[in-house]
There are 2 protein chains.
Amino acid sequence: MDRLQIRPKPMHSFTEENYLKTIYYLSARQEGEVTTNSLAEMTATKAASVSDMLRKLAEKQLIHYKKYQGVRLTEEGERLALKVIRRHRIWEVFLSEKLGFGWDEVHEMAEELEHIRSEELVQKLDAFLGYPQFDPHGDPIPSPAGHMPAVEYSKLSEVTIGEEVQVMGVLEHSPEFLQHLDKTGLNLGCRVLVQDVNVFDKSVSVQINHEKTLFVSNEVARNLLVN
Amino acid sequence: MDRLQIRPKPMHSFTEENYLKTIYYLSARQEGEVTTNSLAEMTATKAASVSDMLRKLAEKQLIHYKKYQGVRLTEEGERLALKVIRRHRIWEVFLSEKLGFGWDEVHEMAEELEHIRSEELVQKLDAFLGYPQFDPHGDPIPSPAGHMPAVEYSKLSEVTIGEEVQVMGVLEHSPEFLQHLDKTGLNLGCRVLVQDVNVFDKSVSVQINHEKTLFVSNEVARNLLVN
DNA sequence: ATAATAATTTAGGCTTGTCTAAAAATTTTT
DNA sequence: AAAAATTTTTAGACAAGCCTAAATTATTAT
């Protein structure tokens, strides 16, 4: 039979890839080492399970790890994490641009697709999509070599009155938040003129695309990236 | 953090899906029950492991199974198997048509992609591809409802002298065989006029697309589906 | 500085899916 | 029809990845 399922054992498991990715994300938004507890929370497991896995990843030289001291990716670990993130974001672009999924729907499917292990597949998909630079949430797509492009956006909550900016991304990726943005018309790329800031609750009054005026809570404004 | 990886536990594991799919394929090409040994060979595992899994699948009512008596899919089992096969073949079309992979390359990647569990993804992908009826090897794509279209092709080895037929599919799916067809120009859809059959080794002399003449071994002719 | 609290790791278990070796059932041969 | 050979199942183990409970280390408060 020609459908034998003999495939070479992959270097790194699905689970290992998820840990590396998560360590990368946690490192990115906070200085210093990543803690066991924060990893447990992010991966929806228990601290004991995380400890096990950290020992394993350290043995494989993918993380720097001293007991009780938190964790940091090695060069190899970061390279791998960025590979996974690259795959994730490229698949998100595909799902959004080619299949018409909303930006609130793509993350979950990409969580599975990111683990498909074919270099050539990602490379051809990237070409098919025209080498996109950003995913549907405005997050930059790492280079094939494993480099995360630097982006420097402000939060909408920090823009001064009178300035006009453009929505470039989000800090919060939950479907609920994204659906709320859809509802209010705050899509990626739309122009936002800050008309007023409420000194009491820090909510922002904005004009969108030189059309309708909108009130944006500070909670939302803090999670909107603009430039 | 919004990237929590809480996903509902899927009804059926990756592994279970592979067993069901394999049982389906083995049933299709041979009458009666599928044996433990043939499953072991196909899934590249040992008979003991297969036995374990069969007990488990029987408990889940996905197969009819009496010890030592071989195995047959239940209706539910067949529905699931066809769902997996549908996903597999739709992904193959995508890889071939949109990303430009050769028909000898798509199977392995589709083996992973077929397990992505989103109904909506397959449905949108299907639409994106224009509801293809056949995969790149000419195999029919099961309907969303779980029905395998009947196709009735002959083998090239059974065509009588003087007949002109069209290549519609292959029985052997190994990259080696497919690459050999590529090399000789025997692609899907090409027209083949049977000029002569060698009585000694049953090799076939054919003219392709009213152009070049070619000798096809019986081994190859038996694995080429035509109509 | 020490006691209380919090975070982390270890110890021991569980499940899934695999294995080898041995036992049991079936099929084939004589 | 019994013996031999083959196939299949059972028994017992193992690795990965998770768990709970207990022990250990670090941090915070007094």
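Lettering follows sequence order; numbering is per chain, from 1. Remember, it's a predicted structure, so these values are computed and weren't measured experimentally.
Checked against side chain to side chain donor-acceptor pair (under 3.5 Å), B:T35 has the following partners two or more places apart in sequence or in another chain: B:S38. With sequence neighbours left out, the side chain to side chain donor-acceptor pair (under 3.5 Å) criterion links B:E76 to B:R79. For B:E119, the salt bridge (charged side-chain N to carboxylate O under 4.0 Å, His left out) partners at least two apart in sequence or on another chain are B:K83. For B:E219, the salt bridge (charged side-chain N to carboxylate O under 4.0 Å, His left out) partners at least two apart in sequence or on another chain are B:R222.
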Legend entry - Base-contact (B) and sugar-phosphate-only (S) positions in nucleotides 5-13 of chain C, heavy-atom cut-off under 4.0 Å, - elsewhere: --SBBB---
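Rounded to an integer number of Å, the gap from CG of A:L57 to P of D:dA16 is 12 Å. D:dT7 atom P lies 17 Å from atom CD of B:E33, rounded to whole Å. Taking atom NZ of B:K46 as the reference point, atom C1' of D:dT7 lies 15 Å away to the nearest angstrom. Computed from coordinates, the B:E59 CD to C:dT15 C1' distance equals 14 Å when rounded to whole Å. Between the CE atom of B:M53 and the C1' atom of D:dT9 there is a distance of 16 Å, given to the nearest Å. For the pair A:Y19 OH and D:dA16 C1', the computed distance is 11 Å after rounding to whole Å.
For residues 64-74 of chain A, the side chain to side chain donor-acceptor pair (under 3.5 Å) pairs, not counting sequence neighbours, are A:E33-A:R72.
Both tests do not hold together for A:K98 against B:F94: distance to the six-membered ring centre under 6.0 Å, angle to the ring axis within 45°.
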